[in-house]
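Side-chain atoms are counted along with the backbone in the values below, which use heavy atoms only and exclude waters and symmetry mates.
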Protein chains: 2
Amino acid sequence: MAKEKPMSENCLKDMLPIRDALDVVSGKWKMMILVSIKHNNKRFRDIERSIPKISSKVLAKELKDLEQHKLIKRTVYDDYPVSIEYTMTEYAMSLEKVMNELHTWGLNHRKEILGK
Amino acid sequence: MAKEKPMSENCLKDMLPIRDALDVVSGKWKMMILVSIKHNNKRFRDIERSIPKISSKVLAKELKDLEQHKLIKRTVYDDYPVSIEYTMTEYAMSLEKVMNELHTWGLNHRKEILGK
DNA sequence: CTGTATCCACGAGGATACTG
DNA sequence: CAGTATCCTCGTGGATACAG
């Protein structure tokens, strides 16, 4: 990410990891779901209610994606009735800094674009 | 972003700025374009060549988006022939930290998912 | 409650050609 | 060189209904 080599194709080497990260974390809902779970919404229904406008189909799909990327964990409790909980993984905590930077920048950007 | 309030709708307050940021910065090409320009590709053609598979139509559109968000500047030089240069704005530098975090996390995530 | 199953609309983005 | 113009494909995601 440094500025040593003006031109060149290590340019690509910089792009690809960023794309990898965005593939996981961008999209219309993924971050919102993570934030919701982080705010202690564990049940499918709770998450669904916490995110305006999301549909159950989309939520189900996104949860699967996040699980595949090891960012959340799906736990089935064999109670009656069966209950299911989603929680963030330890690994997902590594996203903290990314999320904070995005949050901070997003707040500022809204001011920058709309404000002045 | 802290963990004080377990539940609640400041949850939404956390989500929205993140979405704002991602709207600007995510999408298939925007980050790659920024990285390319940062690597000193200034001309339309140079940027196009530096990013595999992008089409001129899409590049043109994305450049306009980025310009609207004040992340790049389009400068027309009235030489013969006219030349046009894209450069990052000062403001775009505020994305540095975001980009670095994404880059770092993306690198690590590839190892995490594929590696082990 | 926790999802699946269908059907459908829309917009992002690809392919190709062309213009000033 | 720096884009536009068309046309077309495809995936995301919305609406609704339904199942275990």
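Nearest heavy-atom pair, B:M15 versus A:S36, reported as atom, atom and distance to 0.1 Å: CE-CB, 3.7 Å. Across all non-hydrogen atoms, the minimal contact from B:Y86 to B:R74 is OH-NE, 3.3 Å.
A cation-pi contact links B:R19 to A:W29, judged by a cut-off of 6.0 Å to the six-membered ring centre and 45° from its axis.
Between chain A and DNA chain D, the heavy-atom contact criterion of under 4.0 Å yields a 5' to 3' nucleotide range of D:dG13 to D:dA15.
Atom OH in A:Y77 sits about 16 Å away from atom C1' in C:dT2, given to the nearest Å. Atom CD of A:E85 and atom P of C:dT2 are 9 Å apart (whole Å). As rounded to whole Å, 12 Å separates atom P of C:dT4 from atom CD of A:E48.
With no hydrogens or angles considered, no side-chain donor-acceptor pair links A:H109 and B:D20 at under 3.5 Å. In the model, B:H69 has no side-chain atom that pairs as donor or acceptor with a side-chain atom of B:Y91 under 3.5 Å.
Of the side-chain N and O atoms in A:K64, none sit less than 4.0 angstrom from OP1 or OP2 of C:dT2. Contact check, A:R43 against C:dT2: a side-chain N or O comes under 4.0 Å of OP1 or OP2.
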Under 4.0 Å protein heavy-atom contacts per nucleotide of nucleotides 7-18 of chain C, with B for base, S for backbone only and - for none = B-----BBB---
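Every side-chain contact (heavy atoms from CB on, under 4.5 Å) that B:L107 has, sequence neighbours left out, goes to A:P17, B:H103.
Rounding to the nearest 0.5 Å places CG of B:L71 at 11.0 Å from CD1 of B:I33.
For A:T104 (side chain) and A:N100 (main-chain N/O), a donor-acceptor pair under 3.5 Å exists by modelled atom type.
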